[in-house]
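Heads up: the structure comes next, in structure tokens.
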Amino acid sequence: MNKFYADVYELAALIPEGKVAAYGQIASMLGNPLAARQVGYAMNAAPENLHLPCHRVVNKKGEMLPGSAFGGVEAQKKRLKQEGVIFHDNGCIDMKKSMWRPEFTFR
DNA sequence: CCCCTGACTAATA
DNA sequence: GTATTAGCCAGGG
């Protein structure tokens with residue numbers, strides 16, 4: 001497993017409930033603000049044995065991956081909302097309040 | 001070994 | 001405001 005994937009998985013596993021992280025955000029933490037694509041790709045390839053909260057990792061729009069979200073986008077939203085994530089009326093996550101910002105992380 | 005594709009983002013027109 | 005382009009890394013053909 002390459003370091004990139006390892007970092008992505010490790011970081012993703014640290015996402016607390018009620019918070020969400022953007023691909024670009026994670027990528028920035030890894031030192032590659034432009035590698036958001038690979039972060040998503042890593043998530044896609046993420047083994048389920050790691051139990052990564054990939055449903056808490058969303059794009060900048062604040063939505064889960066359309067077409068790739070488990071069970072459907074709305075189901076995901078409902079689940080996240082249940083965990084404490086704030087949503088806008090338009091259905092997008094309130095990144096301003098629900099974005100994961102760990103102080104112990106760099107960025 | 002080379003080329004294409006892929007859960008994205010930010011900048012520019 | 002939306003549409004287009006470039007950049008990242010890894011895996012598959």
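All values reported here derive from a predicted model rather than from experimental measurement. All chains are named by letter (A, B, ...) in the order of the sequence lines, taking the proteins before the strands, and each is independently numbered beginning at 1.
Set against B:dC8, C:dA10, B:dG6, the side chain of A:F4 has C:dA10 as its closest nucleotide. With distances taken from any side-chain atom of A:N59 to the nucleotides B:dA10, C:dA10, B:dC8, the minimum falls on B:dC8. In the set C:dA10, C:dG7, B:dA7, C:dG7 carries the atom at the smallest distance from any side-chain atom of A:L34.
Between A:R37 and A:N2, the residue anchored closer to the 5' end of DNA chain C is A:R37, taking for each the nucleotide with the nearest heavy atom.
Heavy-atom distances under 4.0 Å link DNA chain C to no residue of residues 83-94 of chain A. Remark: A:G40, A:Y41, A:M43, A:N44 in residues 40-48 of chain A come within less than 4.0 Å of DNA chain B through at least one heavy atom.
When all heavy atoms of A:A13 and A:P53 are compared, the pair lying nearest together is CA-CD, 4.1 Å. Looking at every heavy atom in both residues, A:Y9 comes nearest to A:A42 through OH-O, 3.0 Å. Nearest approach of A:K81 to A:F87, heavy atoms of both residues: N-CE1, 3.6 Å.
The separation between A:Q38 atom CD and B:dA7 atom P is 11 Å, rounded to whole Å. The distance between atom NZ of A:K61 and atom C1' of C:dT2, rounded to the nearest whole Å, is 13 Å. Atom CG of A:L11 and atom P of B:dA7 are 21 Å apart (whole Å). Atom-to-atom, CG of A:N32 to C1' of B:dT9 comes out at 13 Å; the value is rounded to the nearest Å. Whole-Å rounding puts the A:D7 CG to C:dC8 P distance at 18 Å. As a whole-Å value, the separation of A:M29 CE from B:dT9 P is 14 Å. A:K3 has its NZ atom 15 Å from the C1' atom of C:dC8, to the nearest Å. Following rounding to the nearest Å, A:M95 (CE) and B:dC8 (P) show an atom-to-atom distance of 14 Å.
Within the 3.5 Å criterion, the main-chain N or O of A:R56 finds no donor-acceptor partner in the side chain of A:Q76. A donor-acceptor pair is defined here as one N or O able to donate and one able to accept, closer than 3.5 Å; no such pair exists between the side chain of A:N32 and the backbone of A:L34.
Using a cut-off of 4.0 Å between Lys/Arg side-chain N and Asp/Glu carboxylate O, A:E83 and A:K19 are scored as not salt-bridged.
Surrounding CG of A:D89 are at most 12 heavy atoms belonging to other residues, nucleotides or ligands under 6.0 Å away.
With a 4.5 Å cut-off on side-chain heavy atoms, A:I86 and A:I93 do not count as touching.
Under a hydrophobic-cluster definition in which Ile, Leu, Val, Met, Phe, Trp and Tyr are linked whenever side-chain heavy atoms come within less than 4.5 Å, directly or via other members, A:L14 and A:V39 are assigned to the same cluster.
On the P atoms, C:dG13 is 16 Å away from B:dA7, given to the nearest whole Å.
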